[in-house]
Amino acid sequence: MYLRSPLFAAVAALSIPTTALAQECGGDFAAWRAGVEAEAASQGVGAAGLSALGRTSFDQRVIDSDRAQGVFTQTFREFASRMINDYRLTHGRRNLEKYADTFARAEREFGVPGPVIASFWALETDFGAVQGDFSTLNALASLAHDCRRPEIFRPELIALLKLIDEGAVTAEVTGAWAGEIGQLQMLPSDYLEKGVDGDGDGRVDLKGSAPDAILTAAHAIGALGWRPGEPWLDEVRVPGDLPWGEAGLTNKLPRGQWAGFGITRRDGSPLPADALPARLILPMGHKGPAFLAYDNFDIYLEWNQSLVYTLTAAHLAARFDGAPAFDPRSPEPGLAPEVIKQLQQKLADRGYNVGGIDGILGFNTREAVRQEQLRLGLPADGWPTATLFSNL
C-alpha cells in the first residue's frame, strides 16, 4: 500500500523557489531530462548517476496511480477495519519481539517507540513482503516531469541519483509508484540523509535489512520532531453537550480542559487534568469513534496527509502498545463521493476553500462543514450528513 504523501521531502522543498521549479516540468521529456542532468551535475552527481538518468523513461502508469488514489474516499471505519487485520497484528507483535534489540535502540537513540515504527512497517509493506515493483528512477522522473508536484519529486530524483553514485542502490532499484524505497518506504532524500546501518554490515540496505529499515525510519521520524515519552493517540468518549466551537482539527486545548468538558477515556475513567496539548478527532462524527490526538500525532500527518490513513496507523500503533480495537459505535451515514463533490461545490460557492472539488473529505472540507454546522446549530463534528447537505 503506497499512499504516503512525501512530506519529508516537502519540508526541505519549502526553501526552494517553487515557481522556478514549477516552470521546469512538462514538455518534451528528453529536453526536460537534459535540464535535470545539468542541475544534478551542479550538485555533484557523478558519472554513474548521470548515466542512470540518461536511461530513464516516462511511465504513464505512475501518473495514473497518482491520480487514482481512491482509498482516500473510504471512511475511517472501512479503511481501518481492512488494514488492521489478524495478519498484521500477529506479525507485528512477533516482529516487535524478534527485533526487540533494534527497536530498543531506535527508541534510545531517536526517541521513537517500537509500536509506532511497527505500525508503518505493517501498513506500508506488510513487514517487507510487498515493497513495490515500479522502477524508482522512472517513477521519480515521471512525477518530477509531471507539473502537479515537481517541487517535491525533482529533488527526490536528484537524491536517488546520488544514492546510485554512492552505490547504496542500483539504477534498477524498484519500489512504490511514488518513489519510496524499502521496507518502511523511505524517499531517497531520507535514505541519503537519515540512513542508518542497523545490522553493522557497513552499508545501509533499506530493502533487505529490517534493522537498517527500522532505524532509518526512527531517525526520519525523530527528525520530524517526535516527542519522546509522550502519547500520540487516546480513544475517548465525548458528551453530546460538548462546546462544539472548541472542537475542530485545527484546535488544540490542554487535556485537562477536554476533561472539563466531560470527555473521558473510552472506559469512562477520567482523563489526566494536565496541560498536554490535544485535538479532538471525530473521523465519522460525534456518534462514531472519537480520539484525542497529541503533538506526536502531527508527525503522522507529516508521513501522510490523509486523516483516514494517519488515524489507522496511529491506532494500529496503539494496538501494538496494548490498546483494544476501537469501538465503531453507530455513526450517522456519510455521503457518497459524488455527493461530497456537490457538497464541496456548495461550500465553495459560500466562499470556503475546500481544497478542490474531488469527493475527498479532507481537512479543508471538514473544517468548512464544521463552520456550517455551527451556523446551523448542529453538532460541529466536521462529518457531513444528509441533514447538513439538505440545509445548505
Side-chain angles (χ1 to χ4, degrees), residues 1-5 65 68-107 112-134 174-178 180-186 198-199 205-218 220-221 232-235 266 283-284 288-289 291 296-297 299-301 303-304 306-329:
M1 185 194 73
Y2 310 113
L3 301 177
R4 182 179 167 201
S5 293
S65 297
Q69 297 183 57
V71 68
F72 292 124
T73 64
Q74 295 180 23
T75 68
F76 168 67
R77 199 161 71 171
E78 291 168 342
F79 185 77
S81 297
R82 181 169 65 88
M83 302 305 291
I84 302 178
N85 52 41
D86 289 341
Y87 174 89
R88 287 177 173 146
L89 289 168
T90 299
H91 284 76
R93 290 170 180 138
R94 287 177 182 171
N95 279 316
L96 282 164
E97 293 180 4
K98 180 179 180 179
Y99 297 103
D101 289 345
T102 302
F103 283 116
R105 177 182 167 188
E107 186 160 14
V112 184
V116 171
I117 304 167
S119 70
F120 286 125
W121 194 14
L123 295 179
E124 295 288 352
T125 69
D126 275 336
F127 310 103
V130 186
Q131 297 186 33
D133 58 2
F134 283 82
T174 58
W177 64 259
E180 302 101 332
I181 302 169
Q183 298 189 33
L184 266 296
Q185 295 293 277
M186 308 305 296
D199 56 18
D205 176 13
L206 300 189
K207 290 181 70 69
S209 170
D212 291 7
I214 290 166
L215 286 163
T216 299
I221 294 169
W232 55 92
L233 193 75
D234 274 328
E235 187 176 3
R266 170 181 165 165
M284 300 181 68
F291 303 91
N296 278 335
F297 183 77
I299 308 307
Y300 284 87
L301 296 173
W303 188 283
N304 189 300
S306 164
L307 180 65
V308 166
Y309 178 91
T310 52
L311 267 181
T312 299
H315 178 62
L316 178 54
R319 295 289 306 275
F320 288 147
D321 201 39
F326 70 86
D327 184 352
R329 303 187 69 213

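All values below come from the heavy atoms of this structure, side chains included, with hydrogens, waters and symmetry mates left out.
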Only one of Asn95, Thr102, Leu206 forms a side chain to side chain contact (heavy atoms under 4.5 Å, CB included) with Ile214, so which one is it?
Thr102
Residue of the set Val116, Val112, Ile117 for which side chain to side chain contact (heavy atoms under 4.5 Å, CB included) holds with Phe103
Ile117
Quick check for you: to the nearest 0.5 Å, what is the distance between [X] atom [atom1] and [Y] atom [atom2]?
X: Phe120; Y: Asn304; atom1: CZ; atom2: CG; value: 8.5 Å
X: Ile221; Y: Tyr300; atom1: CD1; atom2: OH; value: 7.5 Å
X: Glu180; Y: Gln131; atom1: CD; atom2: CD; value: 12.0 Å
X: Ile299; Y: Thr310; atom1: CD1; atom2: OG1; value: 12.0 Å
X: Arg77; Y: Arg329; atom1: CZ; atom2: CZ; value: 11.0 Å
X: Asn296; Y: Leu233; atom1: CG; atom2: CG; value: 11.0 Å

Is the shortest side-chain heavy-atom distance between [X] and [Y] below 4.5 Å?
X: Phe291; Y: Pro283; value: yes
X: Gln74; Y: Arg82; value: yes
X: Trp121; Y: Asp126; value: no

Quick one: closest heavy-atom pair of [X] and [Y], and the distance?
X: Gln183; Y: Ala210; result: NE2-N, 3.7 Å
X: Leu123; Y: Tyr309; result: CB-OH, 3.9 Å
X: Ala314; Y: Trp232; result: O-NE1, 3.1 Å
X: Phe79; Y: Thr312; result: CD2-OG1, 3.2 Å
X: Asp199; Y: Ser209; result: OD2-OG, 2.8 Å
X: Pro289; Y: Met284; result: CD-CB, 4.4 Å

By side-chain contact (heavy atoms from CB on, under 4.5 Å), which residues pair with Ala122, not counting sequence neighbours?
Arg88, Phe127, Leu316
As a quick check of understanding, evaluate side-chain contact (heavy atoms from CB on, under 4.5 Å) for Phe76 and Leu307, giving each step before the final call.
CA-CA 8 Å; Phe76 168 67; Leu307 180 65; over 6 Å; no
Going by the angle between their ring planes, with limits at 30° and 60°, are Phe326 and His315 parallel, tilted or perpendicular?
perpendicular
Contacts of Arg266 meeting salt bridge (Lys or Arg N to Asp or Glu O under 4.0 Å) (sequence neighbours excluded), chain-then-number -> Glu235
Check whether Lys207 reaches the backbone of Thr174 with its side chain - one donor and one acceptor, N or O, closer than 3.5 Å.
yes
